[in-house]
Student: 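Okay, handing you the structure first.
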Amino acid sequence: MKSIDTKCVQAGYNPKNGEPRVLPIYQSTTFSYDTPEEMGDLFDLKKAGYFYTRLGNPTLGALEDKITALEGGSGAMACASGMAATTLAVFTVAQAGDNIISLSTIYGGTYNLFKITLPKLGIDCRFVRPDCTAEDIESLIDGNTKLIFVETFANPAMYVADFALLSKVAKKHKLLLVVDNTLATPVICRPFEHGANIVVHSSTKYLDGHACSLGGLIVDGGNFDYKDNARYAGFNLPDESYHGMVYARDCGAVAFITKARVQYMREMGAQMAPMNGFLTNMGIETLHLRMARHSENALAVAKLLRDSNAVEWVKYSGLDTDENHALAMKYFDNGYCSGMVTFGIKGGRAAASKFQKALRLLRIVTHIADARSCVLHPASSTHRQLSDRDLFDCGISDNLIRLSLGIEGKEDILEDVAGALNESQRS
Ligand code: PLP
């Protein structure tokens, strides 16, 4: 399978003669075997197979194979949510005494995890702004630094990752580059092609695409050499929690995802439910069609906003006037820039409130990236716990409104947004 469109529809599940054409939901916690030896071999990872859904399940296995094919990786693991995926990805390499480096313009939940919760567990996070130089990042790297984290494009600040700069620094210091590819999806961008080593997703967003199932995915790029790399002792020493396995020696291109699964998923248990795996797999079957439409609708709305007197600024990398346009054209396929647009409304928080109340088709929801268009004012919702300084670091101002454009008819969306803009400026 070469085409990304075909992979969306068909990768991951290939029924044998007489088996169901549609991926079945294996709603079973456990799997039965004829002999204890077979069960033992599964535990020892001598044979591939399923024995307990916390460690793997055939429905989830098909989804994992699909995302692996789409991203161009070596293996994947389904998790209960995007937050679980990011947390387990960090735990796979970092422990108390270690540190990670992250772009500051990331999703608010991830920012809180890195800024507040991980430090409580002894993992320090060092933030850099998106306009940082290679030297800025390098000044933060020491012997205990375990990864650099970035979103392909930031939610909601909309900065596009400068993969060339980040991967150059990561390679020079033999450090993992971990990319949250939630908002671009592999239909628009495949970070492994640009130097990333690990990709994480909140599949809750475009992959599911219908706002009906929480989920997360970790994808291993299989392109990082942990062997004898002093930073990654956990990959080179026997794992006492898993029969003395040495991941760098025993697991080849799937060292990261095997460690994530048998060490952290096994012990922390944040597995995706099989039903959610089924829904996510079905969502991805139309991902290529939806991303085209999301991008088309978002570009039309971004142009309307750019021309409106009620708007101070617009951020959408698809606009040729946008500061991130060149990076988007370098890394994104077909000129698609996804369905997220942010803008600053004239009149601050009060106008933001009027604008949201006046919308009819776009609804106020704490969600993005599904088939239905929606709106949110991050400073008073998802990011309301953050201080003014933190808001600034995340690239959020108090007049920033985030739109997630769905796949409805363009003319209806434009009419709704234009009407609400007019309403927002009435006294
Ligand atoms: N990453 C990004 C870019 C997100 O936008 C979100 C949620 O909005 C997450 C991760 C967290 O995902 P989840 O809500 O599935 O835990």
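Every number for a ligand or one of its atoms is a count from 1 in the order of the listing.
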Student: Is the closest side-chain heavy-atom distance between His210 and Arg290 below 4.5 Å?
Tutor: yes
Student: Can you confirm, on distance only, whether ligand 1 has an N/O atom lying under 3.5 Å from any N/O atom belonging to Met83?
Tutor: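 For ligand 1, there is an N or O atom that lies under 3.5 Å from one belonging to Met83.
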Student: Can you check whether Leu214 has an N/O within less than 3.5 Å of an N/O in ligand 1?
Tutor: no
Student: On a heavy-atom basis, I'd like to know which of Met340, His201, Lys205 is closest to atom 8 (O) of ligand 1.
Tutor: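 The option holding the nearest heavy atom is Lys205.
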Student: Which residue owns the protein heavy atom closest to atom 12 (O) of ligand 1, what's the atom, and how far is it?
Tutor: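 Answer for atom 12 (O) of ligand 1: Ser202 OG, 3.0 Å.
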Student: So, His325 side chain and Leu319 main chain: donor-acceptor pair closer than 3.5 Å or not?
Tutor: yes
Student: Give the atoms of ligand 1, by number and element, whose distance to some non-hydrogen atom of Glu151 is under 4.0 Å.
Tutor: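 What qualifies from ligand 1 is 3 (C).
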Student: Which heavy atom of the protein is the closest neighbour of atom 4 (C) of ligand 1, given with residue, atom name and distance?
Tutor: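 Going by distance alone, atom 4 (C) of ligand 1 is nearest to Tyr107 CG, 3.6 Å.
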Student: In ligand 1, which numbered atoms sit nearer than 4.0 Å to a non-hydrogen atom of Gly215?
Tutor: 15 (O)
Student: Mark yes when over 12 heavy atoms from residues, nucleotides or ligands other than Arg363 sit less than 6.0 Å from its CZ; otherwise mark no.
Tutor: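 Atom CZ in Arg363 is not packed in, count stays at 12 or less.
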Student: Using distance alone, decide if ligand 1 has a nitrogen or oxygen within less than 3.5 Å of any nitrogen or oxygen in Asn155.
Tutor: yes
Student: Among all the protein's non-hydrogen atoms, which is closest to atom 2 (C) of ligand 1, and how far away is it?
Tutor: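 Here the nearest protein heavy atom works out to Asp180 OD2, 3.5 Å.
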Student: Counting only heavy atoms closer than 4.0 Å, does ligand 1 sit against the backbone of His367, its side chain, both, or neither?
Tutor: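 Under 4.0 Å from ligand 1, His367 contributes no heavy atoms.
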Student: Relative to each other, are the rings of Tyr50 and Phe31 parallel, tilted or perpendicular (30° and 60° limits)?
Tutor: tilted
Student: Main chain of Leu405, side chain of Asn297: is a donor-acceptor contact present, judged purely on distance under 3.5 Å?
Tutor: no
Student: Does a side-chain N-to-carboxylate-O contact under 4.0 Å join Asp322 and Arg306?
Tutor: no
Student: Parallel, tilted or perpendicular: which one describes the rings of Tyr264 and Phe91, with boundaries at 30° and 60°?
Tutor: tilted
Student: Parallel under 30°, tilted from 30 to 60°, perpendicular over 60°: which one fits the rings of Phe114 and Phe149?
Tutor: perpendicular
Student: Which residue supplies the protein heavy atom nearest to atom 15 (O) of ligand 1, what is that atom called, and how far is it?
Tutor: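 I find the closest protein heavy atom is Thr204 OG1, 2.6 Å.
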Student: Under a 4.0 angstrom heavy-atom cut-off, which atoms of ligand 1 come close to Gly82?
Tutor: 12 (O), 13 (P), 15 (O), 16 (O)
